[in-house]
Amino acid sequence: MEPLRDLLVVDLTRYLPGPFASRELLRLGARVVCVEPPGGDPTRTLAPAWHAALCAGKESVVCDLKESAELARALLARADVVLEGFRPGVAERLGVGPLDAPETAVYCSITGFGEGDGRAGHDLNYLGWAGMLADTAPALPPMPIADLAAGALGAVTEILAALLDRMRTGRGARLVVSMTDNARRLVSYRQHDDRALLTGALACYRIYMTADGRHLTVGALEPKFFTRLCELIGRPELAARQGDTAQEALAAELAAVFARRPLAEWLELFDGEDVCAGPVATLAEALPPSEPPVAPSLGEHTEAWRAELAR
């Protein structure tokens with residue numbers, strides 16, 4: 001399915017949130033053209049493999065917005081969707097703000113703290129302000145949740161809704177996505193019950209080390225799953241302690257059991273059983289083999305777009 005086929009997305013963003021968002025729109029069929037500065041998106045040099053994964057299949061146009069935004073504004077005039085990630089007010093000063101796009105365009109700004117708040121920040125800061133790190137600090141989250149979930153996917157959700165509304169009204173939209181505010185929304189279900197039920201409070205919902213130094217995920221929240229797990233590991237009496245207040249003592253006993261066998265043996269034992277257990281897979285194990293993606297070279301499509309816009 002390519003529900004966004006024939007739609008043009010002009011991506012003015014850099015780094016991770018915006019490019020991830022436009023990659024999702026590309027996956028849904030949109031044509032995506034990235035407007036890059038003369039030196040390119042910084043990820044081209046900081047993390048080339050990440051850049052390739054995010055930008056394969058897109059088009060690259062070079063435009064020095066500080067010198068002349070004429071080419072970028074011409075692209076905006078054709079755009080169905082515009083993505084930008086500058087600090088609030090910068091896009092307007094560069095001549096590529098929402099008023100420089102047609103009224104039919106969905107113009108989306110991905111910000112750290114929202115419209116009018118120009119504080120500097122990155123994913124970790126947004127998560128900290130949102131209250132998302134309290135259970136696990138000082139450990140870092142395993143992925144940039146604010147960038148990808150609150151920022152990129154939050155933007156995609158709003159953009160798709162605005163495009164749907166445009167089908168009814170013919171009007172575009174001005175969207176502002178705050179990664180901090182959206183991260184707060186992700187944790188807001190805990191506002192009136194702040195127990196860390198899924199972040200370490202329960203022994204039946206944890207990660208345990210196995211004999212070979214690998215790790216096993218156990219998510220046996222429901223009593224029937226935990227009961228069967230305890231039966232299979234040879235400790236059926238532990239099932240009655242699932243709701244005890246002494247969760248650390250229960251976790252210690254489970255840890256001692258799981259430390260006796262390598263991961264593969266536990267997976268074989270649990271195969272076909274309803275126990276909600278699995279491996280902590282490496283990326284190499286989790287992702288199917290594939291050829292490395294190839295991003296467009298910097299400015300590869302600049303002249304082609306100049307010619308197309310001149311017609």
Side-chain angles (χ1 to χ4, degrees), residues 1-86 90-110 152 155-156 159-160 162-163 166 172-173 175 290-311:
M1 291 181 61
E2 291 190 336
L4 302 185
R5 185 174 57 251
D6 299 328
L7 297 188
L8 175 64
V9 176
V10 176
D11 186 357
L12 303 167
T13 67
R14 304 171 192 174
Y15 293 105
L16 190 54
F20 192 95
S22 64
R23 187 184 76 166
E24 288 300 288
L25 299 175
L26 177 77
R27 182 177 63 84
L28 294 173
R31 182 183 184 183
V32 177
V33 55
C34 301
V35 179
E36 300 189 67
D41 186 316
T43 58
R44 284 185 178 272
T45 52
L46 290 174
W50 291 15
H51 177 77
L54 292 168
C55 295
K58 301 178 184 177
E59 300 171 36
S60 172
V61 166
V62 168
C63 180
D64 188 344
L65 296 177
K66 294 180 179 180
E67 294 296 324
S68 173
E70 181 181 354
L71 176 57
R73 280 198 294 268
L75 285 167
L76 261 60
R78 299 272 189 100
D80 296 287
V81 176
V82 180
L83 277 167
E84 68 92 7
F86 299 109
V90 172
E92 288 84 348
R93 291 200 301 271
L94 292 173
V96 288
L99 296 181
D100 298 293
E103 292 185 357
T104 54
V106 175
Y107 189 103
C108 181
S109 300
I110 302 178
V156 170
I159 288 167
L160 294 179
L163 288 172
R166 189 178 76 162
L175 308 174
S290 65
E291 292 297 319
V294 178
S297 60
L298 178 60
E300 180 177 335
H301 304 90
T302 304
E303 294 310 314
W305 266 107
R306 288 188 185 279
E308 184 170 338
L309 293 168
R311 291 199 291 269

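Counting heavy atoms from C-beta outward, Val35 and Val10 have side chains that approach closer than 4.5 Å. The closest side-chain heavy-atom distance from Leu309 to Leu71 is below 4.5 Å. Side chains of His301 and Pro296 form a contact here, defined as non-hydrogen atoms less than 4.5 Å apart. At least one side-chain heavy atom of Pro19 sits under 4.5 Å from a side-chain heavy atom of Lys58. Side-chain atoms of Arg14 and Pro37, non-hydrogen and from C-beta on, do get closer than 4.5 Å to each other. Side-chain contact between Leu46 and Tyr15: present, with at least one pair of heavy atoms (C-beta onward) separated by less than 4.5 Å. Counting heavy atoms from C-beta on, the side chains of Glu36 and Val61 never come closer than 4.5 Å. Counting only heavy atoms from C-beta outward, the side chains of Ile159 and Leu25 approach each other to under 4.5 Å.
The heavy-atom pair separating Ala295 from His51 by the smallest distance is CB-CD2, 3.7 Å. Smallest separation of non-hydrogen atoms from Pro102 and Ala77: CG-O, 3.8 Å. For the residue pair Ala105 and Ala79, the shortest heavy atom distance occurs at CB-O, 3.6 Å. A pairwise comparison of heavy atoms in Ala72 and Leu65 identifies CB-CD2, 3.6 Å as the closest pair. Gly85 and Thr13 get closest at one heavy-atom pair: N-CG2, 3.5 Å. Closest approach of Ala152 to Phe20, counting heavy atoms only: CB-CD2, 3.6 Å.
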Inset, instruction - List the steps and the verdict of side-chain contact (heavy atoms from CB on, under 4.5 Å) for Leu8 and Val33. - result: CA-CA 8 Å; Leu8 175 64; Val33 55; 3.9 Å; yes

Inset, instruction - Report the C-alpha distance between Asp6 and Arg31 in whole Å, list the side-chain angles of each, state the deciding distance to 0.1 Å, and finish with yes or no for salt bridge (Lys or Arg N to Asp or Glu O under 4.0 Å). - result: CA-CA 7 Å; Asp6 299 328; Arg31 182 183 184 183; over 6 Å; no

Inset, instruction - Kindly determine whether Arg27 and Glu2 satisfy salt bridge (Lys or Arg N to Asp or Glu O under 4.0 Å), including the steps that lead there. - result: CA-CA 8 Å; Arg27 182 177 63 84; Glu2 291 190 336; over 6 Å; no

Legend entry - Val106 vs Val82, side-chain contact (heavy atoms from CB on, under 4.5 Å): CA-CA, chis, key distance, verdict: CA-CA 6 Å; Val106 175; Val82 180; over 6 Å; no

Inset, instruction - Verify side-chain contact (heavy atoms from CB on, under 4.5 Å) between Arg44 and Leu298, making sure each step is shown before the conclusion. - result: CA-CA 9 Å; Arg44 284 185 178 272; Leu298 178 60; 4.0 Å; yes

Legend entry - Lys66/Leu94 under side-chain contact (heavy atoms from CB on, under 4.5 Å): CA gap, chis, key distance, verdict: CA-CA 6 Å; Lys66 294 180 179 180; Leu94 292 173; 4.1 Å; yes

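Here the straight-line distance linking atom OG of Ser22 with atom CG of Leu83 works out to 6.0 Å at 0.5 Å rounding. Within the model, atoms CG of Leu28 and CG of Leu160 stand 6.5 Å from one another, a figure rounded to the nearest 0.5 Å. With rounding to the nearest 0.5 Å, the separation of CH2 in Trp50 from CG in Leu16 is 7.0 Å. Note: Asp80 CG to Leu7 CG = 4.5 Å, rounded to the nearest 0.5 Å. Annotation: the span from Glu59 atom CD to Cys34 atom SG amounts to 9.0 Å, rounded to 0.5 Å. If you take CG on Leu12 and CG on Leu76, they are separated by 6.0 Å, rounding to the nearest 0.5 Å.
By the 6.0 Å contact criterion, CZ on Phe86 is enclosed, its count of non-hydrogen atoms from other residues, nucleotides or ligands being greater than 12. Residue Glu70 places its CD atom among 12 or fewer non-hydrogen atoms of other residues, nucleotides or ligands, all under 6.0 Å distant.
Looking at Glu300 and Ser60, their side chains never bring a donor and an acceptor atom within 3.5 Å of each other.
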